[in-house]
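Reviewing the structure listed below.
Naming: A, B, ... by sequence-line order, numbering from 1 per chain.
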Amino acid sequence: MKVSQLFGRTSKTEGIDYKTASHRLLIQAGYIRESTAGRYFFLPLGQAVQNKIIDVVRGHMNEVGSQEVLLPTLHPLELWRETNRTTTTGFELMKIEDRRGAEFALGGTAEEMAVDVVRKFNVSYKDLPFSVYQFSMKFRDELRARGGLLRVREFIMKDAYSFGTEAQFKDTYQAFWDAYKATFEDLGLKVDVVAADNGYIGGEYCHEFISQSDEGESRYFVDEQSGYAAHEDVAKFKVEDKNAGEELRELQEVDAERGTTMEDGVKLHNMPLWQQTKDVLYFDEATKRYVLALIRGDFDVNETKLMQAAGAWDLRHATEEEIREDLGSEPGFISPVGFPKKGKKTGREVVIVGDVSLRTVHNMYGGNNRLHKDLLNINIDRDYKLDVEADIALAQPGFISPDGGALVEKKGIEVGNIFQLGYHYSKLMHDAEFTDETGKRQKYYMGCYGIGIGRTLAAIVEAHHDDKGIIWPESIAPYRVYLVRLGQEEIVMQTAQSLYEDLTRAGVAVLYDDRTDIRAGEKFADADLLGIPYRVVVSAKTCAANQVEVKKRTETESQLTDRESVIKMVAGS
RNA sequence: CGGGGUGUGGCGCAGUUGGCUAGCGCGCCGCGUUUGGGACGCGGAGGUCGAAGGUUCAAGUCCUUUCACCCCGACCA
């Protein structure tokens, strides 16, 4: 390709509004251009990179035996109703109607569609396990797009769906895990694999592949020694015993002229924070129940864990009015001791969820559901009972991981994920079954596996750039060589042209800067900005020496060699 | 949806207490001089100043409404 004919152009002036490096560089170098927020034009260079990434991903998918398909973009809304996903969450689903009023979802993920096509074929145990995957445009009605390609409203995603028996699943999940590791390695991305929350996708466990970056939105914890890694939503940690050996003392009410914060309690009673009870009252809009979360005073409630434990979907904090008038308690003085089972006025059920850390403390202190009254020597089981006991604590940096090392907080870009779906979809959707060896119909056990192609592209730029521009890993560079011609002497014109042809013949993708009205500095600057791995220069100087100049984007010094060596060098590997 | 900010040729911006024909740099087109790290001269093209309504003799500038975009938050594979 000749630069003089390339559609899209670099820009000297950069958009100062763009905060992330990938956003700025990709636009400045002419890879992408914005349409509206979160929707991008992929120009020839950007599309070339995107296709390279797709090739790498496809290779690994094929390697694990997954089969490429293409599902429709418009999903019958009926299918989404079958799994309740039109209502279960505030999922950012785009909807559309045709002129006859038929309703569709613009595909944002395609579990239902995958099940729908598989059930049309009445599979048997002989077909299992198997998986299908596709590359397709996904639509998300994001409240706020950000960071260029990092969070968008339309993007190409590779999504795969596996079908099998429960016994087969472990191997399938591991195979995708390994394939993802290999994929991101090929793409030049170092990723952490972290345990995460399934959210509206359903299922019981999943893992995110996160490229560490300050620009990322995912916060997670890593135990560097053991390799334990988990998203902040699900991160576990060891809870040490405090005074669990202490003898139980008698429950006692005392006057408590204090404010409503934890610190006020600590000051008034002159006792440690960890010995205080933290009582947080929520209301779940989905199930219309109150959820009272109890935890040791020095910990915070992790709302994601809490929702899982309580079976809640849509938590909000209870209002002061609800606390006082419906539950007869007092903000800042809530206590599980004698807390009502139901709202007095509304009759709404109350679920008490306690953190496992409550077992590590005896003789706790806290409110007594009345203004300026506290209780001393509160003890679990004796003074109150839990409906659910679970880990609902929020991990913090420095806490001890389940494996014993200290948790370190990291930020990163989630470029891929793998989900165990189990029977979630096959149970919700009719006929999602296979025939087993005995002729009986069985639900199949599923997984799904996604990679955001555009986001991966952005993550690669975040990981590989300097102040001059992008530095593409060789595996996905849009071109392998940036051939710079300096000057218009006959010999230079001929040498550059024939080198261009020779390299192309040798199978090397060359971007040939044949512009005649552009000076050297600008060509070099563009070469750096574009980030092509090899820069080859042909000029009067190199021709006089009967050589060409070559420099890798990652290096600062160029070298002179003969043209055969250059061809060998860039064609190699 | 809350907070902050910005909308003036493709990009980056200036435009005073309202005042004459809306400017500058980059880029684009033409001619010439240049030519190893973002040259220079001359000549061009390109703008209903985000949109609508209002105030005024007069609006890029003031008022109202609205839309879009950027950043932070809430939300979210």
Let's test your reading of the model: under 3.5 Å, does the base of B/C70 pair with the side chain of A/R146 as donor and acceptor? no
Salt bridge (charged side-chain N to carboxylate O under 4.0 Å, His left out) pairs touching residues 37-53 of chain A, sequence neighbours excluded, are A/R39-A/E154
Measure up the A/Y173 and A/Y205 rings against each other and bin them: parallel (under 30°), tilted (30 to 60°), perpendicular (over 60°). perpendicular
Interatomic distance where CG belongs to A/D233 and C1' belongs to B/C75 [whole Å]: 13 Å
Should A/K95 and A/D141 count as an ion pair when the cut-off is N to O under 4.0 Å? no
Suppose you measure atom P in B/A51 against the same atom in B/G37; what distance do you get, rounded to whole Å? 44 Å
Looking across every strand, which nucleic acid part, if any, lies under 4.0 Å from A/I451 by heavy atom: base, sugar-phosphate, or nothing? base
Less than 4.0 Å between a side-chain N and a carboxylate O, is that true for A/K305 and A/D391? yes
Rounded to the nearest 0.5 Å, what's the gap from OG1 on A/T456 to CD1 on A/I156? Could you check? 11.5 Å
Could you tell me how far apart A/K551 (NZ) and B/G37 (P) are, to the nearest whole angstrom? 14 Å
Think A/R519 has a side-chain N or O under 4.0 angstrom from the OP1 or OP2 of B/G38? no
For the side chain of A/E34, starting at C-beta, report the closest nucleotide among B/C69, B/C76, B/G37. B/C69
Testing A/D513, A/V548, A/L511, A/V538 for side-chain contact (heavy atoms from CB on, under 4.5 Å) with A/L483, which one passes? A/V538
C1' gap between B/C67 and B/C31, integer Å: 44 Å
Rounded C1' spacing from B/A68 to B/G54 in Å: 22 Å
Nearest-Å distance once atom C1' is located in both B/C69 and B/U56: 32 Å
Please determine, for B/G73, whether a Watson-Crick or G-U wobble partner exists with both distances under 3.5 Å, and give it or none. B/C1
Rounded interatomic separation in angstrom, taking CG from A/D141 and C1' from B/A74: 15 Å
Using atom C1' of each nucleotide, how far apart are B/U21 and B/G60 to the nearest Å? 15 Å
Round to a whole Å and report the spacing from CZ of A/R455 to P of B/C76. 14 Å
Using purine N1 to pyrimidine N3 plus N6-O4 or O6-N4 for Watson-Crick, or N1-O2 and O6-N3 for G-U wobble, both under 3.5 Å, which nucleotide pairs with B/U48? none
What is the separation between atom CD on A/E285 and atom P on B/C75, rounded to the nearest whole Å? 14 Å
Within residues 55-76 of chain A: residues closer than 4.0 Å to RNA chain B (heavy atoms): none
For A/R33 and B/G10, is the shortest distance between a side-chain N/O and OP1 or OP2 below 4.0 Å? no
Considering every strand and a 4.0 Å limit on heavy-atom distances, what is the contact class for A/Y449: base, sugar-phosphate, or nothing? nothing
Any-strand Watson-Crick or G-U partner of B/C24, both distances under 3.5 Å: B/G12
Check: A/R515 main-chain N/O paired with A/K523 side-chain donor or acceptor under 3.5 Å: yes
Which one is paired to B/G43, where only Watson-Crick or G-U wobble pairs with both distances under 3.5 angstrom count? B/C29
Could you go through the salt bridge (charged side-chain N to carboxylate O under 4.0 Å, His left out) check for A/K12 and A/E522 one step at a time? CA-CA 9 Å; A/K12 208 185 301 184; A/E522 197 164 341; 5.5 Å; no
Here the distance between atom C1' of B/C69 and atom CD1 of A/I27, to the nearest Å, is 12 Å
Counter-base of B/A68, judged by Watson-Crick or G-U geometry with both distances under 3.5 Å: B/U6
Identify, between A/D526 and A/I518, the residue whose nearest nucleotide on RNA chain B lies closer to the 5' end. A/I518
Any side-chain N or O of A/R144 under 4.0 Å from OP1/OP2 of B/C72? yes
Distance criterion of 3.5 Å, no angle test: do you see the side chain of A/R24 paired donor-to-acceptor with the base of B/G12? no
For nucleotides B/G12 and B/U65, find the distance between their C1' atoms and express it as a whole number of Å. 30 Å
If we take the P atom in both B/G3 and B/C40, what is their distance in whole Å? 47 Å
Within the 4.5 Å heavy-atom criterion, are A/P478 and A/Y31 side-chain neighbours or not? yes
Look at all strands and tell whether A/T542 reaches a base, only sugar-phosphate, or nothing, counting heavy atoms closer than 4.0 Å. base
Within 6.0 Å of CG in A/D562, more than 12 heavy atoms from elsewhere: yes
Would you mind reading off the distance between A/E217 atom CD and B/G73 atom P, rounded to a whole angstrom? 9 Å
Rounded to whole angstrom, note down the C1' distance from B/C76 over to B/U66. 28 Å
Figure out the CD/C1' separation between A/E142 and B/C69, and round it to whole Å. 17 Å
Tell me which residues in residues 35-49 of chain A put a heavy atom below 4.0 Å from RNA chain B, sorted by number, or none. A/T36, A/A37
Under 4.0 Å between any heavy atoms, over every strand shown, what does A/K541 touch: base, sugar-phosphate, or nothing? Just pick one. base
Answer yes or no: are there more than 12 heavy-atom neighbours, outside A/K411 itself, under 6.0 Å from its atom NZ? yes
Indicate yes or no: does A/R58 engage A/E68 in a salt bridge with an N to O separation below 4.0 Å. yes
Which of these nucleotides, B/C71, B/C76, B/G37, is closest to any side-chain atom of A/F524? B/G37
Proximity to the side chain of A/K12 - top-ranked nucleotide from B/G37, B/G27, B/C76: B/G27
I'd like to know if A/K468 pairs up with A/D466 as an ion pair, taking the criterion as any Lys NZ or Arg NE/NH1/NH2 lying under 4.0 Å from an Asp or Glu carboxylate oxygen. no
Please work out if A/V484 contacts a base, only the sugar-phosphate, or nothing of the nucleic acid, heavy-atom cut-off 4.0 Å. nothing
